[in-house]
Amino acid sequence: MLPKAYNPQDTEDDIYKMWEENGVFKADSNTDKEPFTISMPPPNATGQLHLGHAVMLALEDIFIRYARMQGKEALWVPGTDHAAIATENVVISKIQKEEGIKRPREELGREEVLRRIQEFVSGSQSTIRSQIRKMGSSCDWSREAYTMDPSLSRCVNEVFNKMYGDELIYRGHRIVNWDPNLQTNVSDDEVEYETVKDPFYWFQYGPFQIGTVRPETKFGDKYVVMHPDDERYKEYKHGDTFECEWINGKVVATVIKDEAVDPEFGSGVMTITPWHDHTDFEIAERHGLEKQQIIDFDGKLLDCAYEFAGMHIKDAREKVIQKLDKKGLIIKVDESYEHAIAVNSRGKGKIEPQIREQWFIDVNRKAIPWNSETLSLKEVMQKVIREKNITIVPERFEKTYFHWIDNLRDWCISRQIWWGHRIPVWYKGDEKYVGVQPPDGDGWEQDSDTLDTWFSSAIWTWSTLIDKDKAQDMSLSLQDLLDQSPDFQKFHPTSVMETGYDILFFWVARMILMTTYATGQIPFETVYLHGMIRTRDGKKMSKSHPETCIDPLEIIPKYGADALRMSMIVGQSPGNDQKLFEEKIAGYRNFINKLWNASRFVLMQCEDAGVDPHNPVDSFGDLSLADRALLSALQDLIDDCAKGMNKYRLSETGEKLYSFTWDYFCDWYLEISKGQANHAVLIHTIRTILKLLHPYCPFVTEELWSQFKPLDASMLISDVWPVSDDSLRDQDSFNALQVVVDCISSVRKLRSEQSIEPGKTVQVQIFTKKFSKIISSEASSIQRLAKCEISIVGSTKELEKKNSVTAISKDIEICIPLEGLIDLDKEREKLEKEQKQLEGFLKGVMAKLNNKKFVDNAPAEVLEKEKAKKETAEGKLKKISERLSAMA
RNA sequence: GGGCAAUUAGCUCAGUUGGUUAGAGCGUUGCAUUGACAUUGCAGAGGUCACUGGUUCAAAUCCAGUAUUGCCCACCA
C-alpha cells in the first residue's frame, strides 16, 4: 500500500536513475521517426543552477516529453558554456581573494591561469549536471556538449576561417568598449548604463564656452565642433583655426562643422576626444581628424598630460579642475548634473572607450548567396523572420528583433582575455596565416586574443551535432563534416529554441546569423521566449536578497521537483515576467499530493473489489451517468491538451489538467462513484490523467504509473500519448450530470441556509418534469452526497402556487425547483433580449461568410468554426422563437 | 529621445482572431470532517476589467487619447 502522503524525496532520484539506466533519454539518429530537437541553452560553467535555469529546464522538458510520447524521436542536447569573461573573472578574483595574488595573470602566466580555470570549470560542470537531473530533465546525456570540446572548437575555427575567406571577418582599428579592470574590450550588447550624478563644468575655450563632465580627458582637445546650421556661430567657418590658452599652455584649435552636434545642448559647441568616445571617433573619421590617446589601457594618463602623466583618471579630475580654475578658465559648475555612464555588465567595471586593433564581423557586406540574390548578414537575419521561416513566441518580440538589427553595428569578436577559443590566426614577422590548424613550420605565433563567448554559442544548435570522430579528421571540410554527421542530418534544424527574452539579441539573433550562414540551415523553427522570475515585490532574484530569493536546491527537497515545475509553468505566459513565492509552490505540492491520494483511493477500491489495477481496459461494462459524463469530459480534456501543447500554451493546458483532476475527477466523480465504482473507468481515467500530466510532473506520474500500468506496458515516459475516442463522447450525459450536480448543491445550500444539523437527514421534494428520469436514476447518489431523502414530483402545479424556493417546514421538507418555476414576464424579457443579441450575432457571422475575401483567405479550420457558430446560433434562435410563440 | 508592453478580486495571475452570468490559485468568512487526502471537503463574501471617448446588435477584448508602472534600445560633449 502507498504511504498516506507523497514524499518526492523518496522517489525522485530513483526514478531519474531508472529512466537514465534504461536509456530512454537517448535519441537514435538511425530511425524513420520524425525528429524533434531542442538544444539546451548551455548554462555558464561558473556556478549553480538558479530559478532561471529551472524554468528553462521545466519548459523544455515538457516540450520534449510531449514529443517523445507522441512517438517522435525526441532529442534534447544538454551542455555547458565556457562563458569566457564571466568565468575568467570569477576565477581571477577567487585567486586574488584566496591566495592574495594581486595580478594573477602577470604572476602565474597564461598556462597556469588556464589550468586553474579548467579545474574550476570541471567542478562546476559536475554540479550543474546533477542539478539538471534534479529537475527531472530528460536530456540525452550521451550527447552532452561543452563549448570547448575539441569537435566544437573545430567548428568554431571552421566558421572563422570560412567567414574570413568570404571577407566577412576583418581586423581594424576601431573604438571599442574597453574595461580597464578586466583588461579587455566587450561588445556593445554587454555594455550597461548607470545613471550617476557628476558636476558639469563650463570652460572658456578660446571664444567658445564648452561644457564637460570629464575635464581630465581634455588635454589633447584641438577641435571645436558645432552644428553647420547653428546661427550663433555663423561667423566661424569649417577649418578656421585660432589659438587659445588651455590646460598646459597654448593650443591651436580648428573649427569643425558636423551635424552630430546638438545645438540645443549646452552652448552647442563641444571639443572632441576621438580616442576615447564613440561619437567623437565618428566625427573624427568623417573629417579625417587626428586622434590622440590620452588614457592608457590601465586607465592612467599618458605623457600628453605633462604634469598629470601617470595619474589615474579617477584622481586627475580634481587636480585638472584646480589648475583650470587658477588660470581663470572655469566659468561655472553645475553640481547636480545627471548622466549615464557605461559599465561592463560583467563585473560592473567602468568602460573607457579606446581605439584598438580588433577583429570584427562585417554585418553589411553582401556575401551570402540567397536564392537568386546576394545578401548581407544583416539582411539574412531580417529575411528569415520576415518570411516566417522562424516563428517567435510571443510574436511581439519580432518588432524588438528588427529594431535591434536596424541599430546593429559590426560585431567585435575579439577579447583580450585568455579563457576561450583563441583566434585562429598566426603571425610570423609580417606574415599572417588564417586557418583551422596552425601553419607548418617554426616561428609562428598565434593571435593572443580569444573570441567573444557568443561566437561559439552562436553555432551551438549544430556544433553539438557534429560527429566527434569525424571532427578529428582534418582532411574533411566544414561541408563534409556536416554531410557526414548522422546527428546533424537527422536532428538539424532544431524544432524549438527555448530561452529567456533577455538573450534574444546576445544569442538567438546571433545563432540565426551564424548558423544560417555556416550551414545554410535556419537553426530552429520556433523561438519560445520565457520571462524572468521575480520576487514577490517584483524585484530580480539575486543572491544579495536571500530572504526573498528562491533557490531551487532548497525548494526541491522540500516540495519536490514536480511542484516546482508546475508552479513555474502555470501562470506564466511567454515573454512575460512572473512572480514566484513559496505559497504558490506549496499549492502545487498539494495538487501533487491530491493526485497521489486519488490514486491511492482507486487502488483501495480495486483491492476491495478484487480487481487488479494492471488489468487491461478492454471494455467498460455498464456505464452509469457519472461514468458516461466523466469519459466524455475526458475526451475533451485530451483534445484540449493536444491543442494547447501544439500551440505552446502550457499555462492554460496545465490549468485545465489541474482543474479536471482536482475539481472534476476527485471532487465529483470519485465522490459519486463511492459505493458503485466502475473499476475499468477508474483505471482508464487515472491512466489517462497520468499520461497527460506526465510532461508537467514526470516523477509522481511515473511513480504512480507503476501501480496502474497495464501488464505489457513499460515506463510512462516512453508510453504513448492519449488520443481522444469519439465513441466515448456523450454530451447529453455530461449535461445531465450537471443537473444532478446542481441538484446536490441546491440541497446543500438550503441545508446550510436553514442551519440543519450536519448529521440529520432531510426530505427533499424535487419538482421537475424534464429531469425526473435522470434524477430518479441518480437518486441514490444525490441522497448520499446531499444527505437527504428525495421524492420526485412530476407536476409543477403545486409548486407554482408557492412560486419560490421554499422550505415548507423548518427541518422536514424542502422544495427544489429545477424547471417550471418561471416568472413569465421575466422569462419573455430575457428571451427577447437573447433573440436580439443572436440576430445581431448571426448578422455578423453571415457578413463574414458572405465576404469573399474572408472566405478565400481564412484557413479551413476558421471557416468551419464560423459555420458551426452560424448553425448553433440559428438553432438557438429557432428554439427561442418557438418558446416565445408558445408563451404568447 | 525612440520602441515594446502592462494596468482584471486583498495578493499572484489566466482570459487567442469581439459573443451567454468575467475565471483560477492563495488569502479571507461560515460550516463540515473517524476509511483516499487537514497537503481535506462544502458554501459564501469580494470586480465600474486604470480613466475618457469611439466603432458594434454586442467590448476586459478592436481604435484614439489620458494617467500610472515596468522593460528594451540609443545617448549629448
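Chain A is the first sequence line, chain B the second, and so forth, proteins listed ahead of strands; every chain is numbered from 1. Because the structure is a prediction, the values reported are computed rather than measured. All heavy atoms count here, side chains included; hydrogens, waters and symmetry mates do not.
At the heavy-atom level, A:F581 lies under 4.0 Å from the strands shown only through sugar-phosphate atoms. Nucleic acid contact class of A:E671 (heavy atoms, under 4.0 Å, all strands): base. As judged by a 4.0 angstrom heavy-atom cut-off over every strand, A:D667 is placed among residues touching the sugar-phosphate backbone only.
Nearest to the side-chain atoms of A:K579 among the listed nucleotides B:A5, B:G25, B:C13 stands B:C13. Nearest to the side-chain atoms of A:R600 among the listed nucleotides B:A24, B:U39, B:A36 stands B:A36.
Aromatic rings of A:F402 and A:W404 (six-membered ring for Trp) have centroids beyond the 6.0 Å cut-off, not under it. Annotation: A:Y588 is in aromatic contact with A:Y658 [ring centroid separation under 6.0 Å].
Atoms CG (A:N576) and P (B:U8) sit 14 Å apart, rounded to a whole Å. At whole-Å resolution of the value, CE in A:M568 and C1' in B:U12 are 16 Å apart. Taking atom CH2 on A:W662 and atom P on B:A36, their separation rounds to 16 Å, with Å as the unit. Taking atom CG of residue A:L603 and atom C1' of nucleotide B:A36, one finds them 10 Å apart after rounding to whole Å. What separates OH of A:Y6 from P of B:U40 is a distance of 17 Å, to the nearest Å. Rounded to an integer number of Å, the gap from OH of A:Y669 to C1' of B:A36 is 15 Å. Rounded to whole angstrom, the span from the OH atom of A:Y401 across to the C1' atom of B:G3 amounts to 17 Å. A:K4 has its NZ atom 12 Å from the P atom of B:U34, to the nearest Å.
Residues A:E703 and A:Y6 bring no donor and acceptor atom of their side chains to less than 3.5 Å of each other. Using modelled atom types and a 3.5 Å distance limit, the side chains of A:N593 and A:N590 yield no donor-acceptor pair. In the model, A:D198 has a side-chain atom that pairs as donor or acceptor with a side-chain atom of A:H339 under 3.5 Å. Side-chain contact annotation: A:D258 with A:H227, donor-acceptor N/O pair under 3.5 Å absent.
Applying the Watson-Crick and G-U wobble criteria (two distances, each under 3.5 Å), B:U28 pairs with B:G44. Pairing for B:U55 is absent, judged as Watson-Crick or G-U wobble with the two contacts each under 3.5 Å. Taking a pair to require two hydrogen-bonding distances under 3.5 Å in either a Watson-Crick or a G-U wobble arrangement, B:C76 remains unpaired. The base-pairing partner of B:A6, taking Watson-Crick or G-U wobble contacts with both distances under 3.5 Å, is B:U68.
Using a cut-off of 4.0 Å between Lys/Arg side-chain N and Asp/Glu carboxylate O, A:E395 and A:K388 are scored as salt-bridged.
Comparing B:U66 with B:C26, their P atoms sit 41 Å apart, to the nearest whole Å. Going from the C1' atom of B:U68 to that of B:A24 covers 27 Å, rounded to whole Å. To the nearest whole angstrom, the two C1' atoms, one in B:A22 and one in B:C31, are 28 Å apart. With both ends at atom P, the span from B:U61 to B:G15 equals 15 Å, rounded to whole Å.
Identified under the salt bridge (Lys or Arg N to Asp or Glu O under 4.0 Å) test for residues 561-572 of chain A, with sequence neighbours left out: A:D61-A:R565.
Near RNA chain B, meaning a heavy atom under 4.0 Å away, the residues from residues 582-599 of chain A are A:R589, A:N590, A:N593, A:K594, A:N597, A:A598.
Nucleotides of RNA chain B nearest to A:R396 and A:S651 differ in position, and the one nearer the 5' end is that of A:R396.
Contact annotation: the side chain of A:E285 approaches that of A:K291 to within less than 4.5 Å [non-hydrogen atoms, C-beta and beyond]. At least one side-chain heavy atom of A:T271 sits under 4.5 Å from a side-chain heavy atom of A:K218.
The aromatic rings of A:Y205 and A:W246 sit perpendicular, their planes meeting at an angle over 60°, well past the 30° parallel limit.
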Determine, for nucleotides 72-77 of chain B in 5'-to-3' order, which nucleotides have protein heavy atoms under 4.0 Å from the base (write B), from only the sugar-phosphate (write S), or from neither (write -). SS-BBB

